Chemist: 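Before we start, here is the structure in question, set down as structure tokens.
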Amino acid sequence: MWNFRNIPIRRKLTLLIVVISTVSLLLASLAFITSDRINTQQTVSSNLATMANIIAANSSAPLLFSDPVAAQETLDFLKSQQHIQAAAIYDNNDQVFSSYMKPGLEVELPAANLHDENTLFWGDHVELYTHIVYEGETIGVVYLRSDMEMVHDRLMWFLGIVGMVLVASLLVTLLLSAQLQRFITDPLLRLSAIARQVSTEKNFSVRVIGEGRDELGNLIRDFNAMLDEIQLRDSELREHRLKLEERVARRTHELEIANAQLEKSKEQAESVATRMEYFAHHDALTGLPNRILLHDRINSELAHARRQQTSTALLFLDLDRFKIINDSLGHAVGDQLLRVIARRLNNSVRDEDTVARLGGDEFMVLLPRISGSADAGRIARKIIDSLIDPISCNGHELHITTSIGISIFPYDGSDSETLIKHADISMYRAKELGRNKAVYYTAEMNAGSRKQLAMETNLRKAVEKNQLRLFYQPKIDISRNTIIGFEALLRWEHPTMGYISPLDFIPVAEDSGLIVPIGEWVLNTAFKQLKTWHNAGHSGLTMAVNLSSAQLSRPGFEDVVENALDSSGLMAAMTELEVTENVAMENIESAVAILEKLKCMGISIAMDDFGTGYSSLSYLRRLPVDIVKIDKSFVREIPDSSEDVTIAQAIIAMAQSLKLSVVVEGVENVRQLNFFRQQGVSIVQGYLFSKPVEAFDVIRMLESQTVPGTVNLVK
Ligand code: C2E
Ligand code: CA
Ligand code: CA
């Protein structure tokens, strides 16, 4: 159905303009035609009136004289007037006096009405009545009837004009409206096109152009403002969406990773479980079985040995001086060393044997089904030999040895604990015997360790009861043949057990910490003793005191020394402190620090037992040492052992190059003395001159100015 609302706005506007202009044109035309018709009618009526007046003027005489012919002649001039249809002259009696009729027309003449003079318009004709007046008196009436041809013609002409104007104006209106409606429709169309573009393309950056101040302009501005708002919202939305997408992507990625990790950890879990199982039973550093696995193996092996009545051996290994290497060269080197040793140990044993690491530098070897004790000894020997070749770690050529304790089932124990304990005890025995050895367990060893415990108790009592005493051994300058000083040496005479060697009780004192008070007592006693000798006139004598590591590593040791010096009133220059290489090497950094302090106080530092411990020239250089004491173990075989001769010569040469004094201890005979004299050594110590003696013997020794036994022997 045709619906006005559905047609495009362009057409609507055009239609509206056309309708409005046509209606107004028509109304204007109607007014014009109406007014023109009135004018035309008036013209017609006045023309008729003029004609009627002429006829009336010419008709009064014929009427007065009742001359119808004359009247007829007057009327006859109407023949030339085409529009006159009829005419008549009435007399006073309303009788037709004379008449005229257009030829071909048959109209009825009206009955004359003499009272009225007027013009009457009928549909197709017009009638006019005019009085014929003579000397102020109406003597008759002229009647004229005319057609409306003129009026109609003019109407037709007008209608034609109006029609033409209407058509022309319609065309113009159409043309104009087509142009003018654009002012309204164009912005609207732009608006709708943009709206469509926005809705289809979702492009909110477009804007409608139009700056008018009218409603359309406002509409466009509002529309653009709306677009601004939408664009802002859209970009915010887009931003939010981007963030959201980013978050989702990230979460997804994380989830994927987590999933992958979960998958991987599932896979790993099993291998981890296996590895954990492995690590629970193996040493991480060397990969060897650990204590737990070893215990399992020992127990199952013992059960087997019991059934089969076979023997099983346990070797307890402790590396010699490993701690020194570890401390001085660092743990990395230590670890590397342990790995190499683990390999060598494994290579030295049979496949069915177990090499385990107990921790630190302790290893244990389980030797099942051995044919006899000798078998275990052989394997222990093999292990010791496997370490002969130096091990190179980080550019260091390291010589390492091990001490091994051996216990055998069923002779040395029936359960794993006992066997391990006994192997451990024998390992300690191997250390005591000079290291790098394998030692079988014997029942006496157990007694020995029990003895050690008893000794600690006894030593404690001895300290309390002042059973400890100091002996002094002179140091001789063989170039001048005089005593230059003494070394203080501890002596313990037990009331019932008799003499106990410091070699036996010093380690116990060190282990129990008793060495600290004992050492302090030694320092004070020895220094005070020297002071009395100085006071007695022997002021050039020196006093050497032995130190153990427990003393040296104790904070504030320098104060202990200082107090001893102060309370004795001795000059520091007259004192010497002897430390062994191993004592110094156990913690090189702190040893250097404390020895430096002591040296600064003016005390001389002697390197005791030189050559037996961790001999290293580079470390000797680092230590603030003044004196090197060649150990008596190198002296014993001199000059018969060429090896000992070489060692002694090397030590002397090295000491000279480092500008250190040399003291030789343990000189027991003249051959030894002569050898060292030849080597340029001037200070010696030993039984050749004197054993360590009590203080009152020293006085005698000094008073007589003789060194016991020297008079004859030195020469
Ligand atoms: P050391 O410091 O090497 O002392 C020398 C040891 O050799 C002493 O043994 C001494 O009696 C002995 N000796 C001296 N001349 C000869 C000789 O010609 N031939 C032989 N075979 N031996 C000789 P001692 O007194 O039994 O002391 C043993 C070790 O005990 C000392 O060795 C020392 O390390 C330690 N010691 C002794 N007294 C003390 C002390 O007061 N404090 C500390 N920390 N250790 C001490
Ligand atoms: Ca000494
Ligand atoms: Ca010594």
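Being a predicted model, the structure only gives us computed values, none of them experimental. Indexing begins at 1, ligand by ligand and atom by atom, following the structure's order.
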Chemist: Answer with side chain, backbone, both or neither: which part of Lys629 has a heavy atom less than 4.0 angstrom from an atom of ligand 1?
Modeler: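 Under 4.0 Å from ligand 1, Lys629 contributes no heavy atoms.
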Chemist: Please walk me through it: do Asp320 and Lys431 pass salt bridge (charged side-chain N to carboxylate O under 4.0 Å, His left out)?
Modeler: CA-CA 8 Å; Asp320 300 326; Lys431 294 244 179 212; 2.9 Å; yes
Chemist: Of the choices Leu503, Asp609, Asn669, which has the non-hydrogen atom that lies closest to atom 29 (C) of ligand 1?
Modeler: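 Minimum heavy-atom distance to atom 29 (C) of ligand 1 goes to Leu503.
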Chemist: Return each pair, listed once, that meets salt bridge (Lys or Arg N to Asp or Glu O under 4.0 Å) where at least one residue sits in residues 517-546; pairs must be two or more places apart or across chains.
Modeler: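 Non-adjacent pairs meeting salt bridge (Lys or Arg N to Asp or Glu O under 4.0 Å): zero.
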Chemist: Take every heavy atom of Gly519, measure it against each atom of ligand 1, and state whether any distance is under 4.0 Å.
Modeler: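 Checking ligand 1 against Gly519, which is what was asked, there is no heavy-atom contact under 4.0 Å.
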Chemist: Using a 4.0 Å heavy-atom cut-off, which part of Arg636 comes near ligand 1: side chain, backbone, both, or neither?
Modeler: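 Neither part.
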Chemist: Checking side-chain contact (heavy atoms from CB on, under 4.5 Å) between Ser386 and each of Arg381, Arg344, Arg343, which is the one that passes?
Modeler: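 In the set Arg381, Arg344, Arg343, the residue that makes a side-chain contact (heavy atoms from CB on, under 4.5 Å) with Ser386 is Arg344.
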Chemist: Evaluate Tyr687 for polar contact with ligand 1, using N/O atom pairs at a separation under 3.5 Å.
Modeler: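 Checking ligand 1 against Tyr687, an N or O pair does fall under 3.5 Å apart.
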Chemist: Tell me, which N, O or S atom in Glu578 is closest to the Ca ion (ligand 2)?
Modeler: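 Answer by atom name: OE1.
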Chemist: Is Gln685 near ligand 1, meaning one of its heavy atoms is under 4.0 Å from it?
Modeler: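 The answer is no: ligand 1 sits nowhere under 4.0 Å from a heavy atom of Gln685.
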Chemist: How does Ile506 reach ligand 1, if at all, at less than 4.0 Å between non-hydrogen atoms: by side chain, backbone, both, or neither?
Modeler: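 It is the side chain that gets close, since no backbone atom is under 4.0 Å.
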Chemist: Can you name the ring-ring contact (aromatic ring centres under 6.0 Å, His included) partners of Phe409, sequence neighbours left out?
Modeler: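 Applying ring-ring contact (aromatic ring centres under 6.0 Å, His included) to Phe409 gives none.
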Chemist: Specify which N/O/S atom of Glu487 comes nearest to the Ca ion (ligand 2), by atom name.
Modeler: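 Checking each N, O and S atom of Glu487, the shortest distance to the Ca ion (ligand 2) belongs to OE2.
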Chemist: If we only consider heavy atoms of Arg491, is any one of them less than 4.0 Å away from an atom in ligand 1?
Modeler: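 The answer is yes: ligand 1 sits under 4.0 Å from a heavy atom of Arg491.
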Chemist: Tell me which part of Asn546 gets within contact of ligand 1: side chain, backbone, both or neither, using heavy atoms under 4.0 Å.
Modeler: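 Contact part for Asn546 vs ligand 1: both backbone and side chain.
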Chemist: Taking the Ca ion (ligand 2) as the reference point, name the nearest N/O/S atom of Asp608.
Modeler: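 Answer by atom name: OD2.
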Chemist: List the steps and the verdict of salt bridge (charged side-chain N to carboxylate O under 4.0 Å, His left out) for Lys475 and Glu576.
Modeler: CA-CA 12 Å; Lys475 280 196 249 169; Glu576 275 172 28; 2.5 Å; yes
Chemist: What part of Asp608, side chain, backbone, both or neither, has a heavy atom within less than 4.0 angstrom of ligand 1?
Modeler: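 Contact part for Asp608 vs ligand 1: side chain (C-beta onward).
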Chemist: Heavy-atom pairs closer than 4.0 Å: do any link ligand 1 to the side chain of Lys691, the backbone, both, or neither?
Modeler: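 Neither; nothing of Lys691 gets under 4.0 Å from ligand 1.
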